[in-house]
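Structure first, then comments.
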Amino acid sequence: MSGTSAALTPPADAVAPVRHPDAPAPGELLGAHYEHCFGCGEGQPHGLHLAARAGEGVSVTAEFTVRPAHQGAPGLAHGGVLATALDETLGSLNWLLRTIAVTGRLETDFVRPVPVDTVLHLGARITAVHGRKIYSTATGRIGGPEGPVAVRADALFIEVKVDHFIENGRPAEIQAAMADPDQVKRARAFEVNP
């Protein structure tokens, strides 16, 4: 996108992203990475309940329905909620690399208002990787996957180890997530945002 800051521009020696051989197949629903995540978890009554699907290469698609609890101005989605939807979609890309990463920077452009009860169609892809840095971009469209762009974002994710969450998270939630007998759920709980 034009106007992207230097911090979100991959360096000349960045490499193309490579989808992990064990990544979910194109079209596969990724599911919530953590039940209590505001972006994708079903355990959040006013959360976004964003549902992402693996796309081709290193891309994902997602949908988010703007509910009355998500409004800022009367009848319109709150900009912070839209940024959260973009961040959640971008964060789900890391599951295709099978990398634990957190948002380092997110730049969002708000192009047009998004009314309550609108389904926001999101698409995201990783554009480059440089060491621990993962560069990605996303758009949110209204009226369908090919509809007009309402929001867009560029992001930089930073690969981290699980210790990042253990050292910084609240102990009760960390212990509960690490005690989950489902190995995939345990791994996914620690995959995206700080």
Side-chain angles (χ1 to χ4, degrees), residues 1 8 17 23-24 26-55 57-72 76-111 114 116-127 133-142 145 147 149-160 164-165 168-169 173 177 184-185 187-194:
M1 109 182 151
L8 293 175
E28 187 175 328
L29 189 63
L30 299 180
H33 79 273
Y34 177 53
E35 178 186 1
H36 301 290
C37 173
F38 181 77
C40 65
E42 292 300 319
Q44 290 287 349
H46 297 296
L48 307 188
H49 303 162
L50 189 131
R53 290 190 181 278
V58 284
S59 70
V60 297
T61 59
E63 290 184 0
F64 156 57
T65 301
V66 179
R67 301 288 179 214
H70 304 135
Q71 65 189 314
L76 296 174
H78 189 288
V81 170
L82 296 175
T84 301
L86 288 162
D87 185 44
E88 186 67 32
T89 304
L90 289 156
S92 67
L93 286 165
N94 298 311
W95 191 239
L96 300 179
L97 299 180
R98 299 297 293 263
T99 298
I100 300 171
V102 297
T103 310
R105 186 175 186 100
L106 177 71
E107 289 186 11
T108 306
D109 289 324
F110 301 95
V111 180
V114 179
V116 169
D117 295 326
T118 296
V119 176
L120 190 64
H121 299 268
L122 297 139
R125 64 184 173 82
I126 298 174
T127 58
K133 295 179 177 182
I134 302 164
Y135 298 85
S136 53
T137 189
T139 57
R141 297 172 180 272
I142 55 178
V149 172
V151 292
R152 60 181 169 237
D154 286 320
L156 171 64
F157 280 77
I158 308 296
E159 182 180 349
V160 297
H164 167 87
F165 302 96
N168 297 293
E173 284 87 350
V184 172
K185 280 187 180 177
R188 292 212 57 206
F190 301 103
E191 77 177 10
V192 287
N193 302 340

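Going from atom OG1 of T89 over to atom CG of L122 covers 4.0 Å, rounded to the nearest 0.5 Å. Atom CZ of residue R105 and atom CD1 of residue I158 lie 11.0 Å apart, to the nearest 0.5 angstrom. Here the CD atom belonging to E63 is positioned 9.5 Å from the CG atom belonging to L120, to the nearest 0.5 angstrom. Rounding to the nearest 0.5 angstrom, the gap separating the CG atom in L8 from the CD atom in E107 is 4.5 Å. Atoms NE2 and CG, from H70 and D117 in turn, are 11.0 Å apart once rounded to the nearest 0.5 Å. From F64, atom CZ reaches atom CG of L82 across 6.5 Å, with rounding to the nearest 0.5 Å.
Side chains of I126 and L96 form no contact here, defined as non-hydrogen atoms less than 4.5 Å apart. Side-chain contact between L76 and V116 is absent, with no heavy atoms from C-beta onward closer than 4.5 Å. Contact check for D87 versus F157: side-chain heavy atoms found under the 4.5 Å cut-off. P24 places a side-chain heavy atom less than 4.5 Å from the side chain of L30. Under the 4.5 Å side-chain criterion, counting only non-hydrogen atoms from C-beta, R125 is not in contact with V58. Looking only at side-chain heavy atoms (C-beta outward), V66 and V81 stay at 4.5 Å or farther from each other. Side-chain contact between L90 and T103 is absent, with no heavy atoms from C-beta onward closer than 4.5 Å. Under the 4.5 Å side-chain criterion, counting only non-hydrogen atoms from C-beta, I134 is not in contact with L93.
Nearest heavy-atom pair, L29 versus A52, reported as atom, atom and distance to 0.1 Å: CD1-O, 3.4 Å. The two residues A85 and L50 have their closest heavy-atom pair at O-CD1, 3.7 Å. Scanning all heavy atoms of the two residues, the minimum distance from P17 to L97 falls at CB-CD2, 4.5 Å.
The ring-ring contact (aromatic ring centres under 6.0 Å, His included) search around H49 returns none, not counting sequence neighbours. In this structure, the side-chain contact (heavy atoms from CB on, under 4.5 Å) partners of T139, at least two apart in sequence or on a different chain, are R141, R152.
Between the side chain of T127 and the main chain of Y135, a donor-acceptor pair closer than 3.5 Å is present.
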